[in-house]
Amino acid sequence: MSTDSLRWLAGKWTGEGRGFYPTIDSFEYEEEIEFQRIPNKPVLKYDCKTWHPVDKTPMHLESGFLKMKPGTNQVAFSIAENIAITEMSEGTLTDNSLSVTTQSIGRSGFNKEPSVLKVQRDYRLTPDGDLEYTISMQTATQPLQEHLRAKLKKF
Ligand code: HEM
């Protein structure tokens, strides 16, 4: 598989999402994601920002890199988040999907409980050309389940 598989994901996406978890009230958010190609490298630079749909105040923020293992469909997705968590994930990229699971999670010594134990991210290109994703997490108190679900359009 060549780095052309990165092409569908590259660009800027914007849309709305919804978050939930048994321990919190459900919420809605707006989001902008950019996957930026880096010339001559099998890598996309990743930036994500979310904000409150009504008062527009910033919510979750993340930045990182999606790196392909050349000649394969394997990827590594490294992400740093504003909540003092880092995710090092691995998984697979196809011509219309990206699925990764954390191999390790870093957190500060002063993060609030509960600890995040696992994160599963599934992104897919719909037949209409939209980007849909779900992000599931397992914490020290809850089994793996959806925290986020969103749909974005390329702009
Ligand atoms: C679009 C991205 C995200 C948004 C908008 C978002 C938003 C929120 C909100 C509003 C809450 C409830 C308020 C609070 O307790 O602080 C929350 C809780 C939480 N989020 Fe997220 N989040 C996002 C992504 C993530 C990711 C990627 C992780 C893990 C790596 C994560 C981990 C958590 C945890 C652990 C909680 C606390 C759950 C609990 O108290 O049991 N969030 N999130």
Side-chain angles (χ1 to χ4, degrees), residues 6 8-38 43-69 73-94 96-126 128-155:
L6 295 169
W8 69 268
L9 202 49
K12 285 190 179 183
W13 302 87
T14 190
E16 292 96 43
R18 190 164 172 77
F20 21 76
Y21 212 62
T23 48
I24 59 173
D25 291 336
S26 300
F27 57 90
E28 291 178 354
Y29 60 92
E30 293 176 354
E31 178 168 42
E32 188 182 307
I33 291 179
E34 182 172 16
F35 284 100
Q36 191 186 345
R37 291 204 84 149
I38 308 295
V43 169
L44 294 177
K45 185 176 184 305
Y46 166 73
D47 282 291
C48 160
K49 53 187 177 190
T50 63
W51 58 89
H52 191 280
V54 178
D55 64 24
K56 310 295 179 194
T57 52
M59 292 175 69
H60 190 88
L61 304 166
E62 348 184 289
S63 294
F65 297 94
L66 180 71
K67 179 177 165 59
M68 277 191 91
K69 184 176 178 187
N73 66 353
Q74 285 176 257
V75 288
F77 200 3
S78 50
I79 302 172
E81 298 164 38
N82 66 309
I83 51 176
I85 284 181
T86 58
E87 295 176 32
M88 183 69 245
S89 293
E90 288 185 40
T92 52
L93 177 74
T94 73
N96 58 11
S97 70
L98 167 67
S99 291
V100 295
T101 308
T102 44
Q103 305 300 301
S104 62
I105 297 177
R107 66 196 298 269
S108 78
F110 57 83
N111 270 31
K112 278 196 308 192
E113 295 297 335
S115 299
V116 179
L117 300 185
K118 184 175 184 179
V119 180
Q120 164 79 39
R121 294 174 179 252
D122 295 291
Y123 300 81
R124 81 180 181 100
L125 184 67
T126 71
D128 295 337
D130 296 332
L131 179 66
E132 284 184 350
Y133 74 77
T134 57
I135 298 181
S136 301
M137 74 176 170
Q138 178 189 348
T139 67
T141 62
Q142 299 295 322
L144 187 69
Q145 62 199 282
E146 265 183 41
H147 180 37
L148 307 162
R149 174 174 284 272
K151 185 169 184 172
L152 299 96
K153 291 194 176 302
K154 205 169 238 187
F155 74 104

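Count residues from 1 along the sequence. Ligands are counted one by one from 1 in listed order, and the atoms in each one are counted from 1 as well. Just so it is clear, the values below take in all heavy atoms, side chains as well, and ignore hydrogens, waters and symmetry mates.
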Per-atom contacts, ligand 1 versus Pro114 - under 4.0 Å to a heavy atom: 39 (C), 40 (O), 41 (O)
Listing by chain and number, which protein N, O or S atoms are under 2.8 Å from atom 21 (Fe) of ligand 1? His147 NE2
Could you tell me which atoms of ligand 1, counted from 1 in the order shown, lie closer than 4.0 angstrom to a heavy atom of Val119? 30 (C)
Glu81, portion touching ligand 1 at heavy-atom distance under 4.0 Å: side chain
Please list the nearest protein heavy atom to atom 7 (C) of ligand 1 with its residue and the distance rounded to 0.1 Å. Phe27 CZ, 3.1 Å
Atom pair CZ/OG of Arg18 and Ser26 - distance to nearest 0.5 Å: 5.0 Å
What atoms of ligand 1 come closer than 4.0 angstrom to any heavy atom of Thr50? 1 (C), 5 (C)
Could you tell me which atoms of ligand 1, counted from 1 in the order shown, lie closer than 4.0 angstrom to a heavy atom of Glu62? 27 (C)
Parallel, tilted or perpendicular, as decided by the 30° and 60° cut-offs, for the rings of Tyr46 and Phe35: tilted
Does atom 32 (C) of ligand 1 have a protein non-hydrogen atom under 4.0 Å from it? yes
So how far is it from Asp122 CG to Glu132 CD, rounded to the nearest 0.5 Å? 11.5 Å
Closest contact, heavy atoms only, Leu144 versus Lys118: CD1-O, 4.2 Å
Proximal ligand 1 atoms for Val116, defined as those under 4.0 Å from one of its heavy atoms: 35 (C)
For Lys112, look at atom NZ and say whether over 12 heavy atoms of other residues, nucleotides or ligands are found less than 6.0 Å away. no
How about Lys49: does its NZ atom have over 12 heavy atoms from other parts shown lying under 6.0 Å from it? no
Under 4.0 Å from any heavy atom of Glu87, which atoms of ligand 1 are there? 27 (C), 30 (C)
Among Thr50, Ile135, Thr134, which residue meets the side-chain contact (heavy atoms from CB on, under 4.5 Å) test with Leu148? Ile135
How many angstroms lie between NE2 in His147 and CD in Gln138, if you round to the nearest 0.5 Å? 14.5 Å
First locate atom OG of Ser89, then atom CD1 of Ile105, and finally report the distance between them rounded to the nearest 0.5 Å. 7.5 Å
What residue and atom, counting heavy atoms only, is the protein's closest point to atom 39 (C) of ligand 1, and at what distance? Thr23 OG1, 3.2 Å
closest protein heavy atom to atom 16 (O) of ligand 1 is Lys112 NZ, 3.8 Å
Going from OG on Ser136 to CD on Glu146, what distance comes out if it is rounded to the nearest 0.5 angstrom? 5.0 Å
Residues which pass ring-ring contact (aromatic ring centres under 6.0 Å, His included) with Tyr123, listed by chain and number, not counting sequence neighbours: Tyr133
Per-atom contacts, ligand 1 versus Arg121 - under 4.0 Å to a heavy atom: 27 (C)
What pair of heavy atoms forms the shortest contact from Tyr29 to Met59, and how long is it? CB-SD, 4.0 Å
For atom 13 (C) of ligand 1, is there a protein heavy atom at a distance under 4.0 Å? no
